[in-house]
Amino acid sequence: MSAAPHFNKIALIGFGLIGGSIARAAREQGLAGEIVTTARSARTRARVAELGIVDRVVETNVEAVKDADLVILCIPVGACGPVAQEIAAHLKPGAIVSDVGSVKGAIVRDMAPHLPEGVHFVPAHPVAGTEHSGPDSGFAELFINRWCILTPPAGVDPGAIERLRAFWTALGARVEIMTPDHHDLVLAITSHLPHLIAYTIVGTADELAQVTSSEVIKFSAGGFRDFTRIAASDPTMWRDVFLANKDAVLEMLGTFNEDLSKLTRAIRRNDGEALFEHFTRTRAIRRGIVEIGQDSAAPDFGRPHAHLGKKA
Ligand SMILES: NC(=O)c1ccc[n+]([C@@H]2O[C@H](COP(=O)([O-])OP(=O)(O)OC[C@H]3O[C@@H](n4cnc5c(N)ncnc54)[C@H](O)[C@@H]3O)[C@@H](O)[C@H]2O)c1
Ligand SMILES: O=C(O)C(=O)C[C@]1(C(=O)O)C=C[C@@H](O)C=C1
């Protein structure tokens, strides 16, 4: 494992769940001489200052990135392009510019054209989170034993990639490198589709005329309760994720709908054997994940596209 890196100044654009967690963990690990963050409203700036986790909280992104040797955009995916444009002329030559967005193809497409030569662009996605957002929601342990995926464009300085890898490793994460397209396909099935399903089922339950909302809450044991947690996730973040990863999500949704139709047909035809066989197979998948200690982490990111999602 490479030694923990030290940055003279880290600029975190946005101080919500992820920005706040990075700040807390980076400070605990002593990875920065100075950590500066931005918050758009005076109220949030006051709260961030009160929390005392960063050295400075400033009003503008331009001020934050001045002289920073690591800049991380911790804002919704749809905001990353405009912010890259805004800060581009103010970046320190040699700085590493990264992000934490849940989609990677759109980030590369929207940010890369604005960034000047001489800065190192290494997009990242820590695959760790909760349904909470805002400055109070972060915690230093969020990334421990979770994956962080880096998707550096071709030609990026390997030294910059290694420094960012060492940074995330020091925050407790396991780092994997892949292409943006592959990332987006994998995350479409492991993260984006599950969120879409949760948003759907909670909305459907709410709309059922014969089930009052008090009954939905009263009887929300186990499964449904888990869905409500996921469906409480930030609407801005998830709107941006689905719009930015449209193609991969639609591809996975097509496969999912086919599989759902098969199970629907099995129920309609009283095909207990088909249901039993399916549930037995999915139970084995879960047990396999738990056995190899991946129940708190993402599945095998090394697999090529063709092996994703489709079974024999
Ligand atoms: N929440 C998760 O579980 C999770 C996990 C991994 C990655 N991510 C990614 O991390 C990023 C941030 O998510 P979060 O959960 O920390 O969200 P959050 O809502 O907790 O924080 C986002 C912050 O960005 C700020 N912001 C929004 N638009 C901005 C703009 N145009 N300019 C400057 N600041 C702006 C908000 O004020 C807020 O402080 C997203 O891209 C998301 O896809 C989220
Ligand atoms: O546990 C949760 O609340 C999450 O949804 C975290 C989760 C995920 O789907 O695993 C959500 C989005 C991120 O990009 C990464 C992690």
Side-chain angles (χ1 to χ4, degrees), residues 11-24 37-48 51 53-54 57-65 71-87 98-107 110-111 123-139 142-143 145-149 151 168 171 173 183-184 186-199 226-245 249 289 294-299 301:
L12 300 171
I13 307 295
F15 194 91
L17 171 71
I18 303 298
S21 296
I22 294 174
R24 286 167 171 92
T37 192
T38 56
R40 290 174 304 171
S41 74
R43 194 158 153 254
T44 310
R45 284 196 295 280
R47 179 60 190 147
V48 174
L51 286 169
I53 299 154
V54 296
V57 50
V58 298
E59 195 172 340
T60 69
N61 299 328
V62 165
E63 191 182 347
V65 303
V71 175
I72 309 180
L73 274 57
C74 305
I75 58 179
V77 169
C80 288
V83 168
Q85 184 170 26
E86 183 193 348
I87 61 175
S98 190
D99 75 304
V100 293
S102 305
V103 179
K104 298 274 55 101
I107 289 286
D110 295 348
M111 287 183 65
H125 176 204
V127 189
T130 73
E131 71 279 24
H132 302 298
S133 48
D136 286 282
S137 61
F139 53 101
L142 177 62
F143 309 113
N145 281 331
R146 309 304 297 262
W147 289 106
C148 181
I149 302 170
T151 64
W168 278 104
L171 300 189
H183 167 279
D184 289 353
V186 175
L187 271 290
I189 188 69
T190 59
S191 176
H192 306 168
L193 200 56
H195 277 77
L196 194 68
I197 293 166
Y199 282 124
D226 291 348
F227 281 121
T228 61
R229 183 187 78 76
I230 295 291
S233 301
D234 187 66
T236 303
M237 168 184 160
W238 285 98
R239 175 203 62 197
D240 284 9
V241 167
F242 290 117
L243 295 180
N245 201 21
V249 168
I289 291 170
Q294 296 227 344
D295 53 324
S296 63
F301 289 117

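All values below were derived from every heavy atom in this structure, side-chain atoms included, with hydrogens, water molecules and symmetry-related copies excluded. Each ligand, and each atom within it, is numbered from 1 in the order the structure gives.
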Note, T190 side chain near V127 side chain (heavy atom, < 4.5 Å):
no
Identify which one of L142, V100, I22 satisfies the side chain to side chain contact (heavy atoms under 4.5 Å, CB included) criterion when paired with P126.
V100
In Å and rounded to the nearest 0.5 Å, what is the OG1 to CG distance from T130 to D234?
10.5 Å
Protein residue, atom and distance nearest to atom 30 (C) of ligand 1, heavy-atom basis:
R40 NH1, 3.7 Å
Taking only heavy atoms of T130 into account, list the atoms of ligand 1 that are under 4.0 Å away from them.
1 (N), 3 (O)
Around atom 18 (P) of ligand 1, find the nearest protein heavy atom and jot down its residue, atom name and distance.
S133 CB, 3.7 Å
In this structure, atom 31 (N) of ligand 1 is nearest to the protein heavy atom A79 CB, 3.5 Å
Is there a side-chain contact between H125 and T151, using heavy atoms and a 4.5 Å cut-off?
no
With a 4.5 Å cut-off on side-chain heavy atoms, are L73 and I87 touching?
yes
Considering only the protein, which heavy-atom contact is closest to atom 6 (C) of ligand 1, and what is its distance?
P126 O, 3.2 Å
Has S137 got any heavy atom lying under 4.0 angstrom from an atom of ligand 1?
no
Under 3.5 Å between any N/O of L17 and any N/O of ligand 1: does that happen in this structure?
yes
Starting from atom 13 (O) of ligand 1, find the nearest protein heavy-atom neighbour and note its residue, name and distance.
I18 CG1, 4.2 Å
Short list, please: which atoms of ligand 1 are under 4.0 Å from a heavy atom of M237?
1 (N), 2 (C), 4 (C), 42 (C), 43 (O), 44 (C)
Nearest neighbour in protein (non-hydrogen) for atom 22 (C) of ligand 1:
C74 O, 3.7 Å
Give the minimum heavy-atom separation between K104 and A124, together with the two atoms involved.
NZ-O, 2.8 Å
Note down each nitrogen or oxygen pair, ligand 2 side and protein side, whose separation is under 3.5 Å; give only atom names and the distance to 0.1 Å.
unit_1, atom_1, unit_2, atom_2, d
ligand 2, 1 (O), G129, O, 3.3
ligand 2, 1 (O), R229, NH2, 3.2
ligand 2, 3 (O), R229, NH1, 3.0
ligand 2, 3 (O), R229, NH2, 3.3
ligand 2, 5 (O), H195, NE2, 3.0
ligand 2, 9 (O), S191, OG, 2.6
ligand 2, 14 (O), S102, OG, 2.7
ligand 2, 14 (O), H125, NE2, 2.6

For F143 and L171, the nearest pair of non-hydrogen atoms, with its separation, is CB-O, 3.8 Å
Counting each atom of ligand 1 from 1 as listed, which ones have a heavy atom of V77 under 4.0 Å away?
41 (O)
Shortest non-hydrogen separation from V48 to F15 and the atoms involved:
CG2-CD2, 3.6 Å
To check your reading of the model: name the closest protein heavy atom to atom 7 (C) of ligand 1, its residue, and the distance in Å.
V100 O, 3.2 Å
Quick one: does any side-chain atom of D240 pair with a main-chain N or O of G78 as donor and acceptor, under 3.5 Å?
yes
Heavy-atom pair with the smallest gap, counting every atom of M237 and S102:
CE-OG, 3.5 Å
Is it true that a side-chain atom of Y199 and a backbone atom of S233 form a donor plus acceptor pair closer than 3.5 Å?
yes
Please identify which atoms of ligand 1 are closer than 4.0 Å to at least one heavy atom of G16.
16 (O), 18 (P), 20 (O), 21 (O), 39 (O)
Record the part of A128 in heavy-atom contact with ligand 1 below 4.0 Å; permitted values are side chain, backbone, both and neither.
backbone
Location of contacts on H132 toward ligand 1, heavy atoms closer than 4.0 Å:
neither
Between G134 and ligand 1, does any nitrogen or oxygen pair lie at a separation below 3.5 Å?
yes
Indicate, as side chain, backbone, both or neither, the part of D99 found under 4.0 angstrom from ligand 1 when only non-hydrogen atoms are considered.
neither
Side chains of E63 and T38: does their closest heavy-atom pair fall under 4.5 Å?
no
G101 heavy atoms, cut-off 4.0 Å: which ligand 1 atoms fall inside?
41 (O)
How close do C74 and G14 get, heavy atom to heavy atom, and via which atoms?
CB-O, 3.7 Å
If you have a sec, work out which protein heavy atom is nearest atom 40 (C) of ligand 1 and how many Å separate them, to one decimal?
I75 O, 3.3 Å
Should one rank S102, S21, G14 by closest heavy-atom distance to atom 43 (O) of ligand 1, which comes out on top?
S102
What heavy-atom pair brings T236 and P76 nearest, and what distance separates the two atoms?
CG2-CG, 4.0 Å
Relative to the ring of H192, is the ring of W238 parallel (under 30°), tilted (30 to 60°) or perpendicular (over 60°)?
perpendicular
Is any side-chain heavy atom of T44 closer than 4.5 Å to one of P135?
yes
